[in-house]
Peer 1: 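Have a look at this one before I ask anything.
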Amino acid sequence: MKTTKAVVELQPEGRKTVFNACTEPCSIEQGSITYNITDFGRSSLTVLEQLKDWTEANGL
């Protein structure tokens, strides 16, 4: 099995770029990967909650 050392870089806007990613199922880093929501993503939570409430209220 070929092993590749993946490199994860955090971009200024909060996105992650992965270099040397695996081409078959494997973890990017040994251990676990932690994801965090960005401030931009967090700013959409109120709208998404309202949309969820609207769809539930309308039986959708």
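Along the sequence shown, the residues carry numbers beginning at 1.
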Peer 1: Any side-chain donor-acceptor pair under 3.5 Å between Glu9 and Thr17?
Peer 2: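 No, no side-chain donor-acceptor pair sits under 3.5 Å.
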Peer 1: Sequence neighbours left out, what passes side chain to side chain contact (heavy atoms under 4.5 Å, CB included) with Asn58? Give chain and number order.
Peer 2: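 By the side chain to side chain contact (heavy atoms under 4.5 Å, CB included) rule, Asn58 matches Trp54, Leu60.
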Peer 1: Please name all residues satisfying side chain to side chain contact (heavy atoms under 4.5 Å, CB included) with Ser43, sequence neighbours left out, ordered by chain then number.
Peer 2: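 For Ser43, the residues satisfying side chain to side chain contact (heavy atoms under 4.5 Å, CB included) (neighbours in sequence not counted) are Phe40.
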Peer 1: What pairs with Thr46 under side chain to side chain contact (heavy atoms under 4.5 Å, CB included), at least two apart in sequence or on another chain?
Peer 2: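 Partners of Thr46 by the side chain to side chain contact (heavy atoms under 4.5 Å, CB included) criterion, ordered by chain and then number, come out as Gln50.
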Peer 1: For residues 42-57, which residue pairs pass the salt bridge (charged side-chain N to carboxylate O under 4.0 Å, His left out) check, not counting sequence neighbours?
Peer 2: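 Salt bridge (charged side-chain N to carboxylate O under 4.0 Å, His left out) check on residues 42-57 returns Asp39-Arg42, Glu49-Lys52, Lys52-Glu56.
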